[in-house]
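Keep in mind that the numbers below use all heavy atoms, side chains included, and drop hydrogens, waters and symmetry copies. A, B, ... follow the sequence lines: proteins, then strands. Residue 1 opens every chain.
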Amino acid sequence: MPELPEVESVRRQLLPRLTGRRIVGVWWDPHPHARLHDLERLRERRIERVDRRGKFLVCPLDTGTRDTTLELVLHLGMTGALRVGPTAVPGADPDAGLTHVRVRLDLDDGHTLRFRDPRRFGRASVVADRAYHQVVPTLATLGPEPLSEAFTVEGFAAGLAATRAPVKARLLDQRLVAGVGNIYADEALWQARIHPASRRIGRRRAATLHAAIVTILTAAIEREGTTFRDYQMVNGQSGRYAAYLAAYGQHGRPCRRCGTILRRRVIAQRGTTYCPGCQRI
DNA sequence: CCGGGCCCCTGGATGC
DNA sequence: TGCATCCAGGGGCCCG
């Protein structure tokens, strides 16, 4: 579900509710398919910050020493959502009507962070000393943040030139640029007039695509992301960017630019919508 | 190391 | 109404 704009919107809502809070109680789903790692280490830790890298939320924890770091790393997968609400009183339903709660973190201010995730594609891990490789390998090899100075046209163009996979696959891969998923890949490619199956992207088109990624992610963050199906923010509200989608989920409708009917096909194992009229190989 | 295929899991929408 | 099928915005792993 959530891509960079959605995770960033969640992060901004979590920030005032988690920063400085001590975790006084921890519960997690014992299900064998739950992708939860070392969460018992959260007990009695204080949350120092709520950061984001790509689609990952990274919360540094107070260890009382500079020699070691401890981080809570969360990935929402396709259907993950975070909520903060009152800690339930004993005897009552601890999740107050929320279904599929996989993790509960009780905070020292009487509130509880709940991670609900119907499909269990999400992850929650405690990682020491940034040893991401074992537990969250995608985070270990994550590309530059698209809205930072680290995301350069030069690096992006060179990365695209280095391989022959379809450009859509490269955008989803997370190593070339962090945080782009299926929605914003389709949107950026439409904006840049590049066919998603294109395997050769020259310097000029790379620069156009680079700019499209920055523009679209920025606009989506301003609208607090896209709710197409499941995505909800910490306050339960929907993102408002869905009304601005030009390509994703718009197949069968005329292209806003040239009027050709938008087409949907599977590229890089993902449903992909593009305009056969103005997106060129 | 790469690209492609398949898998993980659950729920909602759709069609018969 | 009930059942089968398909689809979903995530990443990981295995294979050639």
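Between the side chains of Gln232(A) and Arg83(A), at least one donor N or O sits under 3.5 Å from an acceptor N or O. Side chains of Tyr248(A) and Thr226(A): a donor-acceptor N/O pair is absent below 3.5 angstrom, by distance only. With hydrogens and angles left out, the side-chain atoms of Glu187(A) and Tyr241(A) include no donor and acceptor closer than 3.5 Å.
Checked against dG10(C), dG3(B), dT10(B), the side chain of His75(A) finds its nearest nucleotide in dG10(C). The side chain of Thr163(A) sits closest to dG3(B) out of dT10(B), dG3(B), dG10(C).
The interatomic distance linking His133(A) (NE2) with dG11(C) (P) rounds to 16 Å, in whole Å. Separating the CZ atom of Arg119(A) from the C1' atom of dG11(C) is a distance of 12 Å, rounded to the nearest angstrom. Regarding Arg116(A), its CZ atom lies at a distance of 10 Å from the P atom of dG11(B), rounded to whole Å. When the P atom of dG11(C) is taken as reference, atom CG of Leu4(A) falls 11 Å away, rounded to whole Å. A straight line from CZ of Phe121(A) to C1' of dC7(C) spans 12 Å, rounded to a whole angstrom. Per the geometry, NE2 belonging to His31(A) stands 10 Å off C1' belonging to dT10(B), to the nearest Å. Separating the CG atom of Asp173(A) from the C1' atom of dG4(B) is a distance of 13 Å, rounded to the nearest angstrom. In this structure, CZ of Phe115(A) is placed 15 Å from P of dG10(C), rounded to the nearest angstrom.
A cation-pi arrangement is found for Arg257(A) relative to Trp190(A), the charged atom lying closer than 6.0 Å to the ring centre and inside a 45° cone about the ring normal.
Put simply, the side chain of Arg35(A) and the base of dC8(B) share a donor and an acceptor less than 3.5 Å apart.
The aromatic rings of Phe56(A) and His75(A) sit perpendicular to each other, their planes meeting at more than 60°, with 30° as the lower class boundary.
Across all strands, Arg120(A) comes closer than 4.0 Å only to sugar-phosphate atoms, never to a base (heavy-atom distances). Among the protein residues, Gln269(A) comes within range of the nucleic acid bases, having at least one heavy atom under 4.0 Å from a base atom. As judged by a 4.0 angstrom heavy-atom cut-off over every strand, Arg270(A) is placed among the base-contacting residues.
Residue Arg170(A) has no polar side-chain atom (N or O) positioned under 4.0 Å from OP1 or OP2 of dG4(B). Between Arg175(A) and dC2(B) there is a side-chain polar atom (N or O) within less than 4.0 angstrom of OP1 or OP2. A close approach under 4.0 Å does not occur between any side-chain nitrogen or oxygen of His100(A) and OP1 or OP2 of dT10(B).
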